[in-house]
2 protein chains.
Amino acid sequence: MKRRNTATQEAVLAVLASKRRAMSQDAIIKQMTVDADRATVYRILNRFCEDEIVHKIVADDGKQYFAVCVKCDDVIIPGNHFHFRCTKCETIECLPSIVEYSVPESYKVENLNCVLVGLCKECS
Amino acid sequence: MKRRNTATQEAVLAVLASKRRAMSQDAIIKQMTVDADRATVYRILNRFCEDEIVHKIVADDGKQYFAVCVKCDDVIIPGNHFHFRCTKCETIECLPSIVEYSVPESYKVENLNCVLVGLCKECS
DNA sequence: AATCTATTGCGACAGTGTTGCATTAATGAA
DNA sequence: TTCATTAATGCAACACTGTCGCAATAGATT
Ligand SMILES: [Mn+2]
Ligand SMILES: [Mn+2]
Ligand SMILES: [Zn+2]
Ligand SMILES: [Zn+2]
């Protein structure tokens, strides 16, 4: 299954790369110049997740948000970081803060989905 | 707005109290002996949240899960604890582990939604 | 140009959570 | 007890999200 380059994929990535935030499919399509079908954008985003170009966060509104896997302060932010959702400006951003946790004996953690909710710097 | 006691409310609470897990509205209704309307159960659960009888977790499947606010090892588990979702037995439980985080200057955290995903003790 | 097949658009679907509104029933006063 | 008040419910309807099947389109390669 070799990947192909398409205008729609580049448009999706361009939006995600320009904003420094995690965005919902809804918000991504609104920001896109090219029009694309909802289902297509979902497929593109899921493909990006498989290829680890973006990562997915499920916020406490139940929606999926996607963000590019970027470097921050010259350190690659891995999957296991906190996210922050501002209830006022309705944005979600990746925090440079790593999630530290401990689980009971013999539990196996494969994934994290940690979202802090509140007011961001600008809104508080 | 004074609260009234009803059989449905007690049934919902009975289910949540008997299981030690966080449950979705779906799962709660399946376990209930009394039948009740979907919408009613949601209203009951949201009321319980307001009254802080239960707390709500949004898992990475985008669904809302509800759990009674119980004591664990004689220590009250507050709202800011991790949750664990087992992908095999499809349960969500409250972990006794507190979420430790740090946010950038002047961010205000009002809520947490932190879910660890993987295999629980029995399933791993 | 011809071929292969990844990608897309469209329609359809299941599931979740919410709301409006008429009806029922819990509660406290008479 | 009876009555009045209104919280709680059942039902229908709705918006929204994420997914999938399938035929059509269009990258990539020879
Ligand atoms: Mn992130
Ligand atoms: Mn909990
Ligand atoms: Zn903000
Ligand atoms: Zn399990």
Side-chain angles (χ1 to χ4, degrees), chain A residues 1-16 22-51 53-67 85 87 90 92 111 113 115 117, chain B residues 1-16 22-51 53-67 83 85 87 90-92 111 113 115 117:
Chain A
M1 181 100 79
K2 202 170 280 181
R3 294 283 137 92
R4 294 177 182 180
N5 291 330
T6 66
T8 312
Q9 287 179 91
E10 282 173 16
V12 170
L13 194 54
V15 169
L16 286 177
M23 301 173 73
S24 64
Q25 167 266 346
D26 184 53
I28 293 169
I29 286 193
K30 281 198 188 114
Q31 293 289 328
M32 281 172 62
T33 53
V34 189
D35 10 329
D37 189 72
R38 243 162 38 85
T40 302
V41 173
Y42 273 116
R43 279 189 272 231
I44 289 172
L45 290 169
N46 287 330
R47 230 178 295 148
F48 283 169
C49 283
E50 285 174 29
D51 298 346
I53 296 169
V54 307
H55 62 283
K56 183 196 292 190
I57 310 110
V58 177
D60 56 330
D61 59 2
K63 287 166 61 179
Q64 301 179 348
Y65 288 77
F66 301 86
R85 182 167 83 86
T87 51
E90 282 300 342
I92 294 186
N111 229 325
N113 195 79
V115 182
V117 185
Chain B
M1 180 100 78
K2 203 171 276 178
R3 293 284 138 90
R4 295 178 183 180
N5 292 330
T6 66
T8 313
Q9 286 179 91
E10 280 172 17
V12 171
L13 194 53
V15 170
L16 286 177
M23 303 173 71
S24 63
Q25 169 264 347
D26 184 52
I28 293 169
I29 285 192
K30 280 194 188 118
Q31 293 290 326
M32 280 172 64
T33 53
V34 191
D35 19 331
D37 191 73
R38 247 164 34 82
T40 302
V41 173
Y42 271 117
R43 278 188 273 230
I44 289 172
L45 290 168
N46 287 330
R47 232 177 296 150
F48 283 170
C49 284
E50 285 174 29
D51 298 346
I53 296 169
V54 307
H55 62 282
K56 182 196 293 188
I57 310 109
V58 177
D60 55 331
D61 58 4
K63 287 166 60 181
Q64 301 179 349
Y65 289 77
F66 300 86
H83 293 92
R85 182 167 84 85
T87 51
E90 282 301 341
T91 60
I92 294 185
N111 229 325
N113 195 79
V115 183
V117 186

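In what follows, chains are A, B, ... by sequence order, proteins preceding strands, each numbered from 1.
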Are A:R3 and A:D51 close enough that some pair of their side-chain heavy atoms sits under 4.5 Å apart? yes
Please pick, from C:dT18, C:dT7, D:dG18, the nucleotide with the shortest atom-to-atom distance to any side-chain atom of A:Q9. C:dT7
B:N113 side chain to B:V58 main-chain N or O, any donor-acceptor pair under 3.5 Å? yes
Non-hydrogen side-chain atoms of A:V12 and A:L45 separated by less than 4.5 Å: yes
Whether the B:Q9 and B:R47 side chains hold a donor-acceptor pair (N or O, under 3.5 Å, no angle test) is what I'd like checked. yes
What integer distance in Å separates A:I29:CD1 from C:dC10:P? 12 Å
Atom CZ of B:R43 and atom P of D:dA7: how far apart are they, to the nearest Å? 14 Å
To the nearest Å, give me how far apart CD (A:Q25) and C1' (C:dT8) are. 15 Å
Measure from the side-chain heavy atoms of B:N5 and tell me the nearest of C:dT8, D:dT17, C:dT27. C:dT27
Among C:dT18, D:dG10, C:dC10, the one nearest B:Y42 by side-chain distance: C:dT18
Evaluate the side-chain proximity of A:M23 to A:Q64: yes if any heavy-atom separation is below 4.5 Å, no if none is. no
NA contact type, B:S24, heavy-atom cut-off 4.0 Å: base, sugar-phosphate, or nothing? nothing
Tell me: CD1 of B:I44 to C1' of C:dT18, nearest whole Å? 15 Å
Can a side chain N or O of B:R47 be found less than 4.0 Å away from OP1 or OP2 on D:dT9? yes
Between B:T6 and D:dT9, is there a side-chain N or O to OP1/OP2 distance below 4.0 Å? yes
Taking for each residue the nucleotide of DNA chain C with the nearest heavy atom, is it B:Q64 or A:D35 whose nucleotide lies nearer the 5' end? A:D35
Rounded to whole angstroms, how far apart are CG on B:D60 and P on D:dT17? 18 Å
If you check every side-chain atom of B:T40, which of D:dT9, C:dG9, C:dT7 has the closest atom? D:dT9
Just the rounded figure in Å: distance from C1' of D:dT17 to CG of A:L45. 13 Å
Using a 4.5 Å cut-off on heavy atoms from C-beta on, say whether the side chain of A:M32 contacts that of A:T8. yes
Phosphate OP1/OP2 of C:dA25: any B:R4 side-chain N/O under 4.0 Å: no
May I ask you to verify whether the side chain of A:R38 and the base of C:dG11 hold a donor-acceptor pair under 3.5 Å? no
Roughly how many Å is it from CG in A:D61 to C1' in C:dT18, rounded to a whole number? 14 Å
Students often get this wrong, so: under 4.0 angstrom with heavy atoms, is B:N46 touching a base, only sugar-phosphate, or nothing? sugar-phosphate
By nearest heavy atom, map A:A39 and B:R3 onto DNA chain D; which one lands nearer the 5' end? B:R3
Any side-chain N or O of A:K2 less than 4.0 Å from the OP1 or OP2 oxygen of C:dA6? no
Rounded distance in Å - CD (B:E10) to P (D:dA8): 13 Å
